[in-house]
Protein chains: 2
Amino acid sequence: MPHRDSSVRYWPDGGMAAYPEAPTNLQVLRASTLLNSLTEDQISDLGGVSHMAYAERAETIWINGSDVDFFGVVGIGFVKMTRSTAAGHDVTTELMGPGQVFGLLGALEGSGCPQTAKAVCNTWYLKVPKRRFFDVYRENLVLKEALVRRTTTRLRSSYEMIARMSTGKVDQRIAAILFMVAESYGTEDGKTIRINVPLTRQDIAEMAGTTVESTIRVMSAWQKKKWIETESRTISILNPDSLAELI
Amino acid sequence: MPHRDSSVRYWPDGGMAAYPEAPTNLQVLRASTLLNSLTEDQISDLGGVSHMAYAERAETIWINGSDVDFFGVVGIGFVKMTRSTAAGHDVTTELMGPGQVFGLLGALEGSGCPQTAKAVCNTWYLKVPKRRFFDVYRENLVLKEALVRRTTTRLRSSYEMIARMSTGKVDQRIAAILFMVAESYGTEDGKTIRINVPLTRQDIAEMAGTTVESTIRVMSAWQKKKWIETESRTISILNPDSLAELI
DNA sequence: TTGAAACTATGACGGCCATCATGTCCTAGT
DNA sequence: ACTAGGACATGATGGCCGTCATAGTTTCAA
């Protein structure tokens, strides 16, 4: 299922002394599956009032509950949407990659953003003012349809998550997460699947709803079995079959 | 937050020798928050091609993956949407009550219904043919907007679920489930909140992603503490404060 | 280059909870 | 009324995994 072209750049590499090259506003808007249904005029219109922003790895873009007057479109990099429980644990519910729109959810019904947005790695993203977007959105049947489809898809995969996370052992949950991320951001090379997101064990633990230690234990065991491989935060699944039959 | 009028009938009571009185097609359509945005003409149109159906407690309305040519609107009773994991456990992701539309999700993008629908109690529901609905839907801005809102709300609460279920002890999860159900289908009477859904411990276990035994243990303990009370599958929260501070 | 911080790794221990087993009570249908 | 099946209840047991502790390794900025 991994479908992306391996030549695509997912995140800014190299040091950060000089900012990695930012994409242009229009590039980002056109790359968005949700927004590229707009007309050229509308896109350049929105592009004109939006502005590119940069978030460093682990930087918080906004806290949950806060009222923000923009939503984001990931340009290069990754943003995770998290929620923190009363016990103080952060749980990651979604991982947004290049072209993905984030923070639009709360926007539609006015109520604040229910989730915290945090950069997984150094990330360029476009801040689009909500107000301007609504002007386009309100009467746009195609856009509404696109939005329905997008939320529907997310809803479906979030049910998948609930089913996987609320039952199942830790190793199953982690395996499920790996496949889920690979599904969106993986590239195949023969049997091995390379996950093009720089994820720490902590990141994975938050997605799987477990602890760093357990995640490390499980993944270390897999590494010894040559099922997976990690090099500088990039995970490759060497033996998808074995991993899959865990689930 | 429980907001319903206690005079509303949530499910057919009494024996089933004679079917409890069915609501009419139009009653159900008008009671639906999603569909009542339609014009009178459209409603009576849809009402004409739909037909009322009855499902007994625990009856399966459709299996996941199957292609069904209708979606449902709950008239009287409750329907749960479940998914079963590879391990054979059923996980309930949503509980749909009177006026709620179910099974529309998969319909919009053609792919089969991702979840199994099962009656929680004896239930009257309206089967609305998808094809006819699409004719109305396709060009209807208001309906699309309503759908976006509905999906958005569901998405939000499903993220809530993920956060709650993937972390947290069993008692916290169960408490969270009770409040979540009470939020939608509870009626307040002084301090006590009565949950107007006939749920077994098994039902609750499936929602909390745990086992019947654990659920029984936890809820029995609460009963001894007079925090909750059960009479013939109807749960009342006597002491919401104590229960809430578990979470 | 170097040092600090973050990440990965591994062990010990204890509590939670899934599983199995057994029994009572309630409900529904003959 | 009687019986069968489902729901509720409770105990015993063992393994998973969260927590704490400690140490090695990588990353990155100065």
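Chain A is the first sequence line, chain B the second, and so forth, proteins listed ahead of strands; every chain is numbered from 1. Note that the structure is a prediction, hence the values are computed from the model and not measured.
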Find the distance [X]:[atom1] to [N]:[atom2] and express it as a whole number of Å.
X: B:Glu206; N: C:dA18; atom1: CD; atom2: C1'; result: 16 Å
X: B:Ile235; N: D:dC8; atom1: CD1; atom2: C1'; result: 12 Å
X: B:Ile204; N: D:dA9; atom1: CD1; atom2: P; result: 11 Å
X: A:Asp203; N: C:dT8; atom1: CG; atom2: P; result: 9 Å
X: B:Glu231; N: C:dC26; atom1: CD; atom2: C1'; result: 14 Å
X: A:Glu213; N: D:dT22; atom1: CD; atom2: P; result: 14 Å
X: A:Met219; N: C:dT8; atom1: CE; atom2: P; result: 9 Å
X: B:Leu199; N: D:dG6; atom1: CG; atom2: C1'; result: 16 Å

- Task: Would you indicate what B:Arg233 reaches in the nucleic acid, counting non-hydrogen atoms under 4.0 angstrom: base, sugar-phosphate, or nothing?
- Result: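 Result for B:Arg233 = sugar-phosphate.
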Looking across every strand, which nucleic acid part, if any, lies under 4.0 Å from B:Thr230 by heavy atom: base, sugar-phosphate, or nothing?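 Nothing, no nucleic acid heavy atom in range.
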Counting only side-chain nitrogens and oxygens, does [X] get under 4.0 Å of the OP1 or OP2 atom of [N]?
X: A:Thr210; N: D:dG18; value: yes
X: A:Ser220; N: C:dT10; value: yes
X: A:Gln223; N: C:dA9; value: yes
X: A:Arg201; N: C:dT10; value: no
X: A:Arg173; N: D:dC17; value: no
X: B:Thr200; N: D:dA7; value: no
X: B:Lys224; N: D:dT10; value: yes
X: B:Ser214; N: C:dA18; value: yes

Check your understanding: Any donor-acceptor pair under 3.5 Å between the side chain of A:Arg217 and the base of C:dG11?
Key ->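 Such a pair is found, so the answer is yes.
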message: What's the closest nucleotide to the side chain of A:Thr211 if the choices are D:dC8, D:dT27, D:dG18?
response: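 Of all the options, the side chain of A:Thr211 is nearest to D:dG18.
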* Asked: Taking the side chain of A:Ile216 as heavy atoms from C-beta outward, which of C:dA12, C:dT8, C:dC7 is closest to it?
  ->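 Ranking C:dA12, C:dT8, C:dC7 by closest atom to the A:Ile216 side chain puts C:dT8 first.
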Distance-minimising heavy-atom pair for B:Val73 and B:Ser32 =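 B:Val73 and B:Ser32 have their closest heavy atoms at CG1-CB, 4.0 Å.
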Between atom [atom1] of [X] and atom [atom2] of [Y], what is the distance when rounded to the nearest 0.5 Å?
X: A:Ile204; Y: A:Arg173; atom1: CD1; atom2: CZ; answer: 13.5 Å
X: A:Ile177; Y: A:Ile195; atom1: CD1; atom2: CD1; answer: 10.5 Å
X: A:Asn239; Y: A:Glu229; atom1: CG; atom2: CD; answer: 12.5 Å

query: Would a line drawn from the ring center of A:Phe78 to the ring center of A:Tyr185 be shorter than 6.0 Å?
result: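 Yes, close enough.
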Would you please indicate yes or no on a ring centroid separation below 6.0 angstrom for A:Phe71 and A:Trp62?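 No - the distance between ring centres of A:Trp62 and A:Phe71 does not fall below the 6.0 Å cut-off.
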### Message
On DNA chain C, does the nearest nucleotide to A:Gln202 precede the nearest nucleotide to A:Lys169 from the 5' side, or the other way round? Give the residue.
### Response
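The 5'-side residue here is A:Gln202.
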